[in-house]
There are 2 protein chains.
Amino acid sequence: MAAGSPGVQSGESLLFLTDEQLRKGIEAMFFAYRAFTADPDRILENYEYGRAHHRAIHFINRQPGLTVNTLLTLLGVTKQSLNRVLRTLVEDGLVEARVGREDKRERNLFLTERGAALERELSDAQRARMRAAYRAAGPAAVAGFRQVLEAMMDPEIHRHYQSIRDGAA
Amino acid sequence: MAAGSPGVQSGESLLFLTDEQLRKGIEAMFFAYRAFTADPDRILENYEYGRAHHRAIHFINRQPGLTVNTLLTLLGVTKQSLNRVLRTLVEDGLVEARVGREDKRERNLFLTERGAALERELSDAQRARMRAAYRAAGPAAVAGFRQVLEAMMDPEIHRHYQSIRDGAA
DNA sequence: TTGGAAAGTCAACATGGCTGACATAAAATC
DNA sequence: GATTTTATGTCAGCCATGTTGACTTTCCAA
């Protein structure tokens with residue numbers, strides 16, 4: 001592993017690929033992600049929920065009616081983990097799981113009014129921080145931010161991401 | 001909460017601040033961070049360690065001789081949580097905790113050769129993904145990526161980040 | 001009608017957060 | 001010199017959330 005050696009430079013500078021630059025990116029990801037989750041986490045403490053509930057609520061709001069299996073793929077956890085979370089959300093009346101119309105084995109997930117209210121509270125907080133960061137960095141930086149993040153995702157997830165990226169339902 | 005209304009546009013377009021754009025950034029952060037941690041996590045499974053050990057090793061490698069308290073601040077966890085991790089790393093001979101020279105209450109943390117070897121294995125894997133993403137996105141995008149992440153951090157952590165950003169020791 | 005997929009459930013376990021309480025050593029302060 | 005504060009370590013226990021494995025129910029489709 002040729003540490004820090006960007007190799008012979010072609011036309012464009014490759015200095016942005018040094019180990020030093022990569023390390024800065026890695027640390028920035030760590031610190032930024034912690035801030036990114038901090039606001040919703042604080043809100044969730046007031047309820048009896050955790051980050052896992054937030055994620056489920058987010059994607060159900062995003063694609064109302066999505067199946068458990070789809071949600072499983074998006075979240076990248078086991079059905080047992082997800083089930084524990086979904087059960088409490090359904091019991092508490094934040095999520096409704098309707099039997100599928102075409103395939104009755106499937107469950108289509110929807111937020112109730114209460115679920116939507118919590119989703120709003122959580123995403124308002126998360127968006128506020130993101131908005132401040134976007135504003136501070138400017139539109140060109142935001143474009144680069146998204147480009148790098150997309151290039152970092154696992155290809156299969158990136159396909160999912162793209163397919164839901166531009167349309168709500 | 002004026003959902004999606006960027007308000008009256010001044011000279012520069014504010015379309016990048018719409019809720020839709022923010023939502024894409026939020027989801028991109030989630031998916032990218034998962035990929036970001038996936039490679040080290042896979043390696044750590046072979047040892048008996050977890051993500052917490054990785055983080056400790058990373059920062060000890062970054063600032064050899066740093067104190068437990070400093071590490072605590074960087075990681076943002078309780079001393080009990082960190083202690084559990086540090087104890088196993090010291091017992092297993094990956095980390096050395098030397099009594100402070102000036103203040104003997106302090107412990108200065110260093111990686112042993114074995115610790116440094118694991119650090120290299122982990123960061124090589126993490127850098128490989130980051131490098132591929134950087135290369136795919138290009139230098140301008142990388143600059144924007146870092147800008148947005150820095151703007152997203154909590155101010156206090158951002159100060160820490162900046163102070164160690166450009167120098168190794 | 002039967003095989004297999006989708007979903008739900010139970011049990012058990014690991015990791016890594018947390019709090020609270022307490023111990024020790026050393027520095028700092030009175 | 002005595003006291004307080006600070007840095008660290010440690011024990012015990014709790015919680016959230018991830019895991020695997022085994023099993024059941026439902027129901028589509030061959």
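A, B, ... follow the sequence lines: proteins, then strands. Residue 1 opens every chain. Side-chain atoms are counted along with the backbone in the values below, which use heavy atoms only and exclude waters and symmetry mates.
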Participant: With sequence neighbours excluded, tell me which residues meet salt bridge (Lys or Arg N to Asp or Glu O under 4.0 Å) with E27(B).
Facilitator: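 Partners of E27(B) by the salt bridge (Lys or Arg N to Asp or Glu O under 4.0 Å) criterion, ordered by chain and then number, come out as R62(A), R23(B).
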
Participant: What class does the angle between the rings of Y49(B) and H53(B) fall in, given that below 30° is parallel, 30 to 60° is tilted and above 60° is perpendicular?
Facilitator: tilted

Participant: Can you run down the side-chain hydrogen bond (donor to acceptor under 3.5 Å, both in side chains) pairs that involve residues 71-80 of chain A, sequence neighbours left out, and say none if there aren't any?
Facilitator: none

Participant: It should be established whether N69(B) places a side-chain nitrogen or oxygen under 4.0 Å from OP1 or OP2 of nucleotide dT8(D).
Facilitator: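 It does, given that an N or O in the side chain of N69(B) lies less than 4.0 Å from OP1 or OP2 of dT8(D).
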
Participant: Would you say L118(B) and T112(B) make side-chain contact, with heavy atoms under 4.5 Å?
Facilitator: no

Participant: Under 4.0 Å, heavy atom to any atom of DNA chain D: which of residues 115-122 of chain A qualify?
Facilitator: none

Participant: Can you find a pair of side-chain heavy atoms, one from I26(A) and one from R127(B), that are under 4.5 Å apart?
Facilitator: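 Side chain of I26(A) against side chain of R127(B), heavy atoms only: contact under 4.5 Å found.
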
Participant: For residues 83-92 of chain A, which residue pairs qualify under salt bridge (Lys or Arg N to Asp or Glu O under 4.0 Å), counting only residues two or more places apart or in two chains?
Facilitator: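 Of all non-adjacent pairs touching residues 83-92 of chain A, none passes salt bridge (Lys or Arg N to Asp or Glu O under 4.0 Å).
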
Participant: Taking only residues two or more places apart in sequence or in another chain, which ones pass side-chain contact (heavy atoms from CB on, under 4.5 Å) with E45(B)?
Facilitator: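 None.
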
Participant: Which two nucleotides bound the region of DNA chain C that has atoms under 4.0 Å from heavy atoms of chain A, read 5' to 3'?
Facilitator: dG4(C) to dC10(C)

Participant: List, one per line, each side-chain donor-acceptor pair under 3.5 Å for residues 29-38 of chain A, sequence neighbours excluded.
Facilitator:
residue	atom	partner	partner atom	Å
R34(A)	NH1	L74(B)	O	2.9
R34(A)	NH1	L75(B)	O	2.7
R34(A)	NH2	L74(B)	O	3.3
T37(A)	OG1	Y33(A)	O	3.3
T37(A)	OG1	R34(A)	O	3.2
T37(A)	OG1	R51(A)	NH2	3.4

Participant: Are any of T78(A)'s side-chain N or O atoms less than 4.0 Å away from OP1 or OP2 of dG18(D)?
Facilitator: no

Participant: Do I43(A) and H54(A) have side chains that approach each other closer than 4.5 Å (heavy atoms only, starting at C-beta)?
Facilitator: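 No; the side chains remain at least 4.5 Å from each other.
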
Participant: Report, one pair per line, the protein and nucleotides 12-17 of chain D atoms (nitrogen or oxygen only) whose separation is under 3.5 Å.
Facilitator:
residue	atom	partner	partner atom	Å
dT17(D)	OP1	R51(A)	N	2.7
dT17(D)	OP1	A52(A)	N	3.1
dT17(D)	OP2	H53(A)	ND1	3.4

Participant: My understanding is that only residues two or more places apart in sequence, or in another chain, count here; which of them pass side-chain contact (heavy atoms from CB on, under 4.5 Å) with V142(B)?
Facilitator: F16(A), V148(A), Y134(B)

Participant: Under the rule for side-chain contact (heavy atoms from CB on, under 4.5 Å), what residues qualify as partners of A151(B), not counting sequence neighbours?
Facilitator: A133(A), A136(A)

Participant: Produce a footprint string for nucleotides 23-30 of chain D: one letter per nucleotide, 5' end first; B if the base is under 4.0 Å from any protein heavy atom, S if only the sugar-phosphate is, - if neither.
Facilitator: ---BBS--

Participant: L82(B) CG to dT10(D) P: how many Å, rounded?
Facilitator: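 To the nearest whole Å, that distance equals 12 Å.
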
Participant: Side-chain contact, heavy-atom cut-off 4.5 Å: L89(B) with L111(B)?
Facilitator: no

Participant: Give the table of side-chain donor-acceptor pairs shorter than 3.5 Å for residues 152-160 of chain A, with sequence neighbours excluded, one pair per line with atom names and distance.
Facilitator:
residue	atom	partner	partner atom	Å
D154(A)	OD1	R129(B)	NH1	3.2
D154(A)	OD1	R129(B)	NH2	3.2
H158(A)	NE2	E150(A)	OE1	2.8

